[in-house]
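In what follows, a single structure is set out as structure tokens and then discussed.
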Number of protein chains: 2
Amino acid sequence: MSLRYSILGLLARTPSTGYELTQMFDRSLRTSWHASHSQIYPELAKLEHAGLVEVIGRGPRRSKTYGLTNPGREELRRWLVEAEPDRAQRNESSVRLFLTNLLDPTDRRTAYERDLSHVEKELEELKGVRRQLQDEGGAEVFAPQVELGIRVDTVIRDWLRERIEDAAP
Amino acid sequence: MSLRYSILGLLARTPSTGYELTQMFDRSLRTSWHASHSQIYPELAKLEHAGLVEVIGRGPRRSKTYGLTNPGREELRRWLVEAEPDRAQRNESSVRLFLTNLLDPTDRRTAYERDLSHVEKELEELKGVRRQLQDEGGAEVFAPQVELGIRVDTVIRDWLRERIEDAAP
DNA sequence: CGCATCATGTAAGCTGTTACATGATTAT
DNA sequence: ATAATCATGTAACAGCTTACATGATGCG
């Protein structure tokens with residue numbers, strides 16, 4: 001159900017086209033929920049059918065801008081506050097971090113180094129976003145979420161550095 | 001593919017029955033990858049067919065203990081070291097953490113407090129596991145992973161506390 | 001003997017991925 | 001013109017969930 005509510009959540013902030021939602025999933029939500037356009041367009045159609053979103057404008061190239069309806073806003077609120085969260089996770093990176101310890105020291109080091117450079121890159125990106133938000137000076141709703149991403153990535157980065165040092169001669 | 005490799009990873013440590021694997025997914029891997037028995041049994045059958053695991057013993061109640069074959073061990077290594085990681089995430093808790101900021105202050109507080117008590121519980125559990133490992137004194141392979149879980153949960157806990165304080169009068 | 005738990009499986013339906021397909025608009 | 005990117009969709013297949021189904025063993 002997260003796809004559905006992620007879409008409602010993004011539309012709660014700004015009315016958007018399916019194409020724009022696809023980009024937002026790639027940018028803001030990529031560390032929470034991944035979705036591609038082939039899933040987003042059909043889901044938007046279902047949500048419209050259910051009366052939770054509606055087309056509030058049409059632009060060039062047959063683009064349709066969707067916005068939340070009041071029932072949509074209420075349904076999002078209900079899910080966030082009242083629905084029992086599904087804590088089940090499915091995170092390949094985390095599986096890898098878990099299993100990498102089974103490798104021999106050389107392979108382990110290779111794997112951890114690859115992960116480290118990825119996390120370092122992601123950290124830089126997030127810090128870039130934070131800087132941008134600070135420069136804009138506005139009260140961006142998702143600023144704390146960016147901060148959380150930075151802190152989590154920092155913890156992972158430091159842990160990876162320790163693992164690599166432990167493996168050193 | 002993570003299910004497949006998670007199973008290979010667990011079997012690399014200890015030969016196990018499908019039932020035992022189901023429990024391990026629930027305990028050790030629950031923060032990385034969730035899987036239920038209805039997925040695990042068919043996957044074991046596929047892995048056996050592919051020659052990556054084999055039945056190395058039979059116990060009471062028709063139980064079958066599976067172990068890794070050499071090709072299985074090699075395939076696990078290949079995946080961990082050579083395969084390009086899929087970084088896409090799909091984590092409902094994270095979606096909730098992200099979208100909760102859209103709620104009005106009262107609802108937001110409710111949602112964050114529910115999350116906080118969940119994380120605090122999970123943290124206590126992980127610290128219990130760490131204590132156990134220390135008491136055993138052995139060199140448990142997954143001790144660093146437990147440590148990482150504790151650090152990540154600590155960061156999330158502190159972030160949630162800040163969010164709740166920010167919302168306070 | 002009855003209940004809990006161990007233990008394994010299957011099937012229908014939903015969710016997600018990859019690939020295919022098409023057309024509109026803008027920039028060079 | 002033509003290439004890039006904007007923009008929306010569909011279809012086949014793989015992965016996952018929920019529910020159904022069955023039987024064995026150990027304990028009180």
Side-chain angles (χ1 to χ4, degrees), chain A residues 1-8 10-11 15-27 29-30 32-50 53-66 79 83-92 95, chain B residues 1-8 10-11 15-27 29-30 32-50 53 55-66 79 83-92 94-95:
Chain A
M1 290 286 88
S2 294
L3 171 66
R4 156 159 299 197
Y5 294 102
S6 299
I7 291 176
L8 293 179
L10 290 173
L11 292 180
S16 319
T17 65
Y19 189 84
E20 288 165 339
L21 286 172
T22 305
Q23 294 180 323
M24 290 176 184
F25 267 93
D26 249 31
R27 289 172 197 157
L29 270 172
R30 78 177 179 293
S32 302
W33 202 266
H34 174 264
S36 53
H37 79 275
S38 60
Q39 231 190 326
I40 290 169
Y41 290 116
E43 188 64 35
L44 276 171
K46 276 191 227 165
L47 286 167
E48 190 185 9
H49 187 78
V53 307
E54 62 187 345
V55 176
I56 59 169
R58 281 163 195 276
R61 282 165 246 192
R62 301 180 194 152
S63 70
K64 289 180 280 184
T65 300
Y66 289 90
W79 184 72
E84 190 52 38
D86 174 4
R87 314 274 181 187
Q89 298 207 5
R90 211 161 272 113
N91 180 342
E92 185 182 305
V95 171
Chain B
M1 291 286 88
S2 293
L3 172 66
R4 155 160 298 198
Y5 294 102
S6 300
I7 291 176
L8 292 179
L10 290 174
L11 293 181
S16 319
T17 66
Y19 190 84
E20 287 165 340
L21 286 171
T22 306
Q23 294 180 323
M24 290 175 184
F25 267 94
D26 248 32
R27 290 173 197 155
L29 269 171
R30 76 176 181 295
S32 301
W33 202 268
H34 174 263
S36 53
H37 79 276
S38 60
Q39 232 190 324
I40 290 168
Y41 289 116
E43 189 62 36
L44 276 171
K46 276 191 225 165
L47 286 168
E48 191 185 6
H49 187 77
V53 306
V55 176
I56 58 169
R58 284 163 195 275
R61 281 166 245 184
R62 301 180 194 152
S63 69
K64 289 180 280 184
T65 300
Y66 289 89
W79 185 72
E84 191 52 38
D86 173 5
R87 313 274 181 188
Q89 298 208 5
R90 212 160 273 111
N91 179 342
E92 185 182 304
S94 177
V95 171

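First the proteins, then the strands, lettered A, B, ... as listed; each starts at 1.
Atom CD in A:Q23 sits about 10 Å away from atom P in D:dT8, given to the nearest Å. Atom-to-atom, CG of A:L47 to P of D:dG9 comes out at 13 Å; the value is rounded to the nearest Å. In this structure, the CZ atom of A:R58 is 12 Å from the C1' atom of D:dT8, given to the nearest Å. What separates CG of A:L21 from C1' of D:dC6 is a distance of 15 Å, to the nearest Å. Rounded to a whole Å, the CZ atom of B:F25 is 11 Å from the P atom of D:dT17. When rounded to the nearest whole Å, the span between CD1 of A:I40 and C1' of D:dA7 equals 13 Å. Atom OH of B:Y66 and atom P of C:dA7 are 14 Å apart (whole Å).
Every side chain to side chain contact (heavy atoms under 4.5 Å, CB included) that B:R58 has, sequence neighbours left out, goes to B:V55, B:K64. Annotation: salt bridge (charged side-chain N to carboxylate O under 4.0 Å, His left out) contacts of A:R61 (sequence neighbours excluded): none. Applying the side chain to side chain contact (heavy atoms under 4.5 Å, CB included) criterion to A:R30, with sequence neighbours excluded, gives A:E122, A:E125. Partners of A:S63 under the side chain to side chain contact (heavy atoms under 4.5 Å, CB included) rule, at least two apart in sequence or in another chain, are A:T17, A:P60. For A:S32, the side-chain hydrogen bond (donor to acceptor under 3.5 Å, both in side chains) partners two or more places apart in sequence, or in a different chain, are B:S94. A:W79 pairs by the ring-ring contact (aromatic ring centres under 6.0 Å, His included) definition with A:Y5, not counting sequence neighbours.
Contact record, B:S16 with B:M24: OG-CE, 3.4 Å, taken as the closest heavy-atom pair. The two residues A:E92 and B:S2 have their closest heavy-atom pair at CG-OG, 3.3 Å.
Close to D:dG9, at under 4.0 Å from its OP1 or OP2, lies a side-chain N or O of A:K64.
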Please tabulate, one pair per line, each protein N/O and nucleotide N/O from nucleotides 3-5 of chain D that are separated by under 3.5 Å, including the distance.
none

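When side chains are defined from C-beta on, A:Y66 does not count as touching A:L10, because their heavy atoms never get closer than 4.5 Å. Side-chain contact between A:L29 and A:S6: present, with at least one pair of heavy atoms (C-beta onward) separated by less than 4.5 Å.
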- List the protein contact pattern of nucleotides 11-22 of chain C with one symbol per nucleotide (5' to 3'): B for base contact, S for sugar-phosphate-only contact, - for none; contact means a heavy-atom distance under 4.0 Å. ----SSBBB---

For a quick test of your reading: what N or O donor-acceptor pairs under 3.5 Å do the side chains of residues 34-44 of chain B make, sequence neighbours left out?
from  : atom 1 : to    : atom 2 : distance (Å)
B:H34 : ND1    : A:R90 : NH2    : 3.4
B:Y41 : OH     : B:Y19 : N      : 3.4
B:E43 : OE2    : B:R4  : NE     : 3.2
B:E43 : OE2    : B:R4  : NH2    : 3.4

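Computed from C1' positions of five pairs at each end, the angle between the two local axes of the helix from C:dC1-D:dG28 to C:dT28-D:dA1 equals 20°, rounded to 10 degrees.
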